[in-house]
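To start, the structure under review is shown below, and the notes come after it.
Reminder, nothing fancy here: chain letters follow the sequence lines and each chain counts from 1.
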Number of protein chains: 2
Amino acid sequence: MTDHQGLLADCPARLAFDLLAHTWDPVILWALRRGPVRPHQLVKHIGGISPKAMNQSLHRLRAAGLVQRLPRPGTPPHVDYTLTPLGRTLLTPLATLGTWAATHGNAVTTTQTSPTT
Amino acid sequence: MTDHQGLLADCPARLAFDLLAHTWDPVILWALRRGPVRPHQLVKHIGGISPKAMNQSLHRLRAAGLVQRLPRPGTPPHVDYTLTPLGRTLLTPLATLGTWAATHGNAVTTTQTSPTT
DNA sequence: CAGAATCCTTTACGATACTG
DNA sequence: CAGTATCGTAAAGGATTCTG
């Protein structure tokens, strides 16, 4: 195989997709683009995500070094999550996907609704 | 919610991610970038994907209008799959992700291996 | 060879309840 | 309020087998 120009089963490019493969991970990443946000804020803002799923995503994203946890001392507990510098680098590809969806998403939806054949 | 700048639970941008969320879908899309390929070729080329998963992905991608099936009459059966024009438009975002992985993928792997803190 | 059908295992994710 | 643990459901995907 000398054709490894990307995206094979064991290709490093797969990493990016696995990173975003989970339903909420890209959503959370995007929601954090502005700056630190608290978990509860994320849940409310995104809508439709359970606190548990939120936590799992946050865990994955932290493990990947894309998101950082910022504990604020005090009572009641207060925590912020924010993108790491590495995490910020993902915003551009994310935006590219978003732009594609905005441009061609309608075509996909139409196709799925009325099969052209 | 007046902050719908993208990527909420019900945001249209989600479509792009759901499209690529399945493990093999982006891989197959990428494998087809050059032109028509036969299923068996795809399985061999990609490696690690079962024929069933391949078929399911191909179905989804066809339903989404990203991939087209080209039956060649004859015996034994011969079929080619190729990207539709719509499918081709996804190659750019795909490449963007791939580039990101090539650039920052290593950082992610490193982080996951040795938690920085 | 294409691809659909069946079986089985893993895991994402929601709901709920509990701990610090 | 943050985060974890448990339970239950749905679905992805591998292995195998059968049909056109």
Quiz item: Roughly, in whole Å, what's the span from CG in B:D18 to P in D:dA11?
Solution: 13 Å
Exercise. Could you state the atom-to-atom distance from OH of A:Y81 to C1' of D:dC1 in whole Å?
Key: 12 Å
Quiz item: Can you name the side-chain hydrogen bond (donor to acceptor under 3.5 Å, both in side chains) partners of B:S57, sequence neighbours left out?
Solution: B:D25, B:R60
Quiz item: According to a strict under-4.0 Å criterion, is A:N55 in side-chain N/O contact with OP1 or OP2 of D:dT4?
Solution: yes
Practice problem: At under 4.0 Å between heavy atoms, which parts of nucleotides 7-20 of chain C does protein reach? Answer with one letter per nucleotide, 5' to 3': B base, S sugar-phosphate only, - none. | Solution: B----SBBB----B
Exercise. With sequence neighbours excluded, tell me which residues meet side-chain contact (heavy atoms from CB on, under 4.5 Å) with A:A95.
Key: A:W30
Quiz item: Taking A:T96 for the side chain and B:P93 for the main chain, is one N or O donor matched with an acceptor at less than 3.5 Å?
Solution: no
Self-check item: Contacts of type side-chain hydrogen bond (donor to acceptor under 3.5 Å, both in side chains), residue B:D18, not counting sequence neighbours
Solution: B:R14
Show me, pair by pair, the donor-acceptor contacts under 3.5 angstrom made by side chains of residues 75-82 of chain B, not counting sequence neighbours?
| residue | atom | partner | partner atom | Å |
| --- | --- | --- | --- | --- |
| B:H78 | NE2 | B:R38 | NE | 3.4 |
| B:D80 | OD2 | B:R72 | NE | 2.9 |
| B:D80 | OD2 | B:R72 | NH2 | 2.9 |

Quiz item: Please give, in whole Å, the distance from D:dC1 C1' to A:L42 CG?
Solution: 14 Å
Exercise. Go through the structure and list residues passing side-chain hydrogen bond (donor to acceptor under 3.5 Å, both in side chains) with B:T89, not counting sequence neighbours.
Key: A:W100
Quiz item: Can you tell which of D:dC1, D:dA2, C:dC1 lies closest to the side chain of B:P76?
Solution: C:dC1
Practice problem: Could you tell me whether the phosphate oxygens of C:dC1, OP1 or OP2, come under 4.0 Å of any side-chain nitrogen or oxygen in B:R38? | Solution: no
Self-check item: A:K44 NZ - D:dC1 C1' separation (whole Å)
Solution: 12 Å
